[in-house]
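Because only heavy atoms are used, hydrogens play no part in the values below, and waters and symmetry mates are left out as well, while side chains stay in. One-based numbering, in listed order, for ligands and for the atoms of each. Positions are given from 1 along the sequence.
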Amino acid sequence: MKRWHMVFDVDKCIGCYTCMLACKDEHVGNEWLPYTDRQQKRDQKWLVMEKRERGTVPRVDLAYRPALCNHCAEAPCAKNAPGCVVKREDGIVLLDPRKAKGNRALVDACPFGAISWNEDVGAAQKCTFCAHLLDGGWKEPRCVQACPLRALRMVYMEDAEFEKQISGKGYEAIVPEAAGPRVWYKHLHRFTKNMISGEIIYMEDEDTEVVAPNVDVFLKQNGAVVARTVTSTFGEFWFDPVEPDSGDYVVEAEIPGRGSVSYALTMGADTVDVGILCPGKEAVPSHFAWDPITDPLTE
Ligand code: SF4
Ligand code: SF4
Ligand code: SF4
């Protein structure tokens, strides 16, 4: 039996919010009964864009991901609200619009926050995987069809085949796998892990700083190399992913003919930028110094 699955790649998403707007366009003002009543125009979303910022200027990583109903195979909402949830053969999970009307308690039936309350129609609602479109022959829901980067994709295949297809490719779910989610994410480490970044320079003479490109940089823990990277054209480096709260590390690099740098740090809850490393000098934090007096926009 073939079933619907959604996949999303964090690395492809530019955070344009077109998917969220497409969901609004499809469902605000449109009753797709018996699938679902219309979506509330404001203050209710069935697809919520989440954002995470890592790093320190100028080395910042900005990642986005859509959060929506996972159309769980073992749907906790169906167990928490018996009789209110329809689990279709093709994997789509729907709320029965008649049972959802006036049933505010249904919002709490989803432990993942995917069900919300529509004040306008007085009903609990959630993403339907655009079942009204798929049943009409569409190959993908509106949000997927609207994504200009193809970061969102829809797949219709047997569960075993889907598992085989995503196996070993780094896909993860954002809800516990025991729930049997049908929405899977790639490159999720940009939401769940930290990074260690920095820049390496050297002094060409007493006054001239030069960035150090193509330098091997090593990340060590307890004396052992745990990761290796190479500086960019601008002398910058990133170790990503690094497990949050994973203890003490040392960043080391040897700039051929110019000396070496070493920096000890502790990885806590947040990403670490070690700043600018230069042989023979103290590390310098690399925040942009913003001087409002010389800001051309204020002159
Ligand atoms: S994400 Fe929540 S609402 Fe959607 S199927 Fe799973 S438990 Fe039900
Ligand atoms: S699948 Fe349809 S209902 Fe669900 S978030 Fe996308 S557009 Fe909205
Ligand atoms: S439409 Fe695609 S690229 Fe734009 S925010 Fe949504 S998933 Fe990301």
Side-chain angles (χ1 to χ4, degrees), residues 3-28 30 32 35-40 44-51 62-82 84-88 90-96 100 103 105-118 124-136 138-156 173-187 190-191:
R3 296 194 171 92
W4 293 101
H5 311 263
M6 188 182 276
V7 289
F8 173 74
D9 189 342
V10 179
D11 274 5
K12 289 185 181 164
C13 177
I14 54 168
C16 66
Y17 288 69
T18 307
C19 49
M20 191 198 83
L21 292 172
C23 182
K24 285 271 162 206
D25 187 53
E26 184 64 28
H27 293 279
V28 172
N30 292 325
W32 298 119
Y35 300 93
T36 183
D37 212 326
R38 66 184 192 272
Q39 190 178 129
Q40 189 171 306
Q44 189 204 27
K45 297 185 190 84
W46 299 352
L47 182 158
V48 177
M49 285 306 292
E50 297 175 339
K51 184 173 86 168
L62 194 51
Y64 297 87
R65 71 181 182 196
L68 61 159
C69 171
N70 283 266
H71 295 267
C72 312
E74 306 299 330
C77 60
K79 290 171 190 148
N80 293 337
C84 298
V85 177
V86 180
K87 289 173 67 185
R88 303 194 343 170
D90 62 2
I92 295 177
V93 177
L94 298 173
L95 302 181
D96 182 334
N103 188 353
L106 193 48
V107 171
D108 299 324
C110 173
F112 315 126
I115 303 178
S116 55
W117 183 251
N118 182 329
Q125 293 179 323
K126 68 169 193 66
C127 158
T128 60
F129 259 3
C130 285
H132 65 292
L133 295 178
L134 300 178
D135 287 354
W138 281 52
K139 302 281 182 246
E140 50 197 16
R142 271 299 300 280
C143 56
V144 176
Q145 189 243 8
C147 176
L149 277 295
R150 304 302 279 156
L152 273 169
R153 304 297 287 264
M154 205 67 179
V155 185
Y156 185 56
I174 61 172
V175 301
E177 287 187 28
R182 297 193 181 283
V183 182
W184 288 79
Y185 299 74
K186 201 173 182 180
H187 299 123
R190 292 173 65 189
F191 272 85

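C143 SG, 2.3 Å is the protein heavy atom nearest to atom 6 (Fe) of ligand 2. The protein non-hydrogen atom at the shortest distance from atom 1 (S) of ligand 1 is N70 N, 3.3 Å. Nearest protein heavy-atom neighbour of atom 3 (S) of ligand 3: I14 N, 3.6 Å. Looking only at protein heavy atoms, the nearest one to atom 2 (Fe) of ligand 1 is C110 SG, 2.3 Å. Atom 5 (S) of ligand 1 has C72 N, 3.3 Å as its closest protein atom, hydrogens excluded (heavy atom only). Here the heavy atom of the protein found nearest to atom 8 (Fe) of ligand 2 is C23 SG, 2.3 Å. Nearest protein heavy-atom neighbour of atom 4 (Fe) of ligand 1: C69 SG, 2.4 Å.
The distance from ligand 3 to the heavy atoms of T18 drops below 4.0 Å at these ligand atoms: 1 (S). Near F8, meaning under 4.0 Å from one of its heavy atoms, ligand 3 places the atoms 7 (S). Counting the atoms of ligand 3 from 1 in the order shown, those under 4.0 Å from a heavy atom of C13 are 3 (S), 5 (S), 7 (S), 8 (Fe). Close approach to C16 involves these atoms of ligand 3, each under 4.0 Å from a residue heavy atom: 1 (S), 3 (S), 4 (Fe), 5 (S). The atoms of ligand 2 that sit less than 4.0 Å from any heavy atom of C127 are 1 (S), 3 (S), 4 (Fe), 5 (S). Heavy-atom proximity to F129, at under 4.0 Å, picks out these atoms of ligand 2: 1 (S), 4 (Fe). Residue P148 approaches ligand 3 through these ligand atoms, each under 4.0 Å from one of its heavy atoms: 1 (S). Near L47, the atoms of ligand 2 lying under 4.0 angstrom from a non-hydrogen atom of the residue are 5 (S). The ligand atoms of ligand 3 that sit less than 4.0 angstrom from a heavy atom of Y17 are 4 (Fe), 5 (S). Shown in contact with K126 at under 4.0 Å from a heavy atom are these atoms of ligand 1, numbered in order with element: 3 (S). Contact atoms of ligand 1 toward I115: 3 (S) (distance under 4.0 Å to a heavy atom of the residue). Within ligand 3, the atoms closer than 4.0 Å to a non-hydrogen atom of M49 are 5 (S), numbered from 1 in the order shown.
The main-chain N or O of E26 is found under 3.5 Å from a side-chain atom of W32 such that the two form a donor-acceptor pair. E74 contributes no side-chain N or O that, together with a main-chain N or O of A178, makes up a donor-acceptor pair within less than 3.5 Å. Put simply, the side chain of K139 never gets that close to the backbone of L134: no donor and acceptor are under 3.5 Å apart. H71 contributes a side-chain N or O that, together with a main-chain N or O of V93, makes up a donor-acceptor pair within less than 3.5 Å.
Assignment of P76 to the shell around ligand 1 is supported, since a heavy atom sits closer than 4.0 Å. Heavy atoms of G15 approach ligand 3 to within less than 4.0 angstrom.
When the shell of 6.0 Å around CD of E50 is examined, it contains more than 12 heavy atoms from other residues, nucleotides or ligands. Around NZ of K45, the count of heavy atoms belonging to other residues, nucleotides or ligands within 6.0 Å does not exceed 12.
Between atom 7 (S) of ligand 2 and the options C130, C147, A131, the minimum heavy-atom separation is to C130.
Contact check on R153 versus D9 returns no salt bridge, with no Lys/Arg side-chain nitrogen under 4.0 Å from an Asp/Glu carboxylate oxygen.
No option in V155, L68, N70 other than L68 meets the side chain to side chain contact (heavy atoms under 4.5 Å, CB included) test with M6. Residue C84 is tested with L94, L95, N103 for a side chain to side chain contact (heavy atoms under 4.5 Å, CB included); the sole match is N103.
Closest heavy-atom contact between A22 and R142: CB-O, 3.8 Å.
Contact annotation for V85 and ligand 1: no heavy atom of the residue comes within less than 4.0 Å of the ligand.
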| query | Between V144 and W138, does a side-chain contact (heavy atoms from CB on, under 4.5 Å) hold up when you go through it step by step? | reply | CA-CA 11 Å; V144 176; W138 281 52; over 6 Å; no
| field | Intermediate values then yes/no, side-chain contact (heavy atoms from CB on, under 4.5 Å), F191 and R65 | value | CA-CA 9 Å; F191 272 85; R65 71 181 182 196; 3.5 Å; yes
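Below 30°, between 30° and 60°, or above 60°: for F8 and Y185 the angle between ring planes is above 60°, a perpendicular geometry.
Within the coordination shell of atom 8 (Fe) of ligand 2, defined by N, O or S atoms under 2.8 Å, H27 is absent.
Within the 6.0 Å centre-distance limit, the rings of H27 and W46 are counted as a close aromatic pair.
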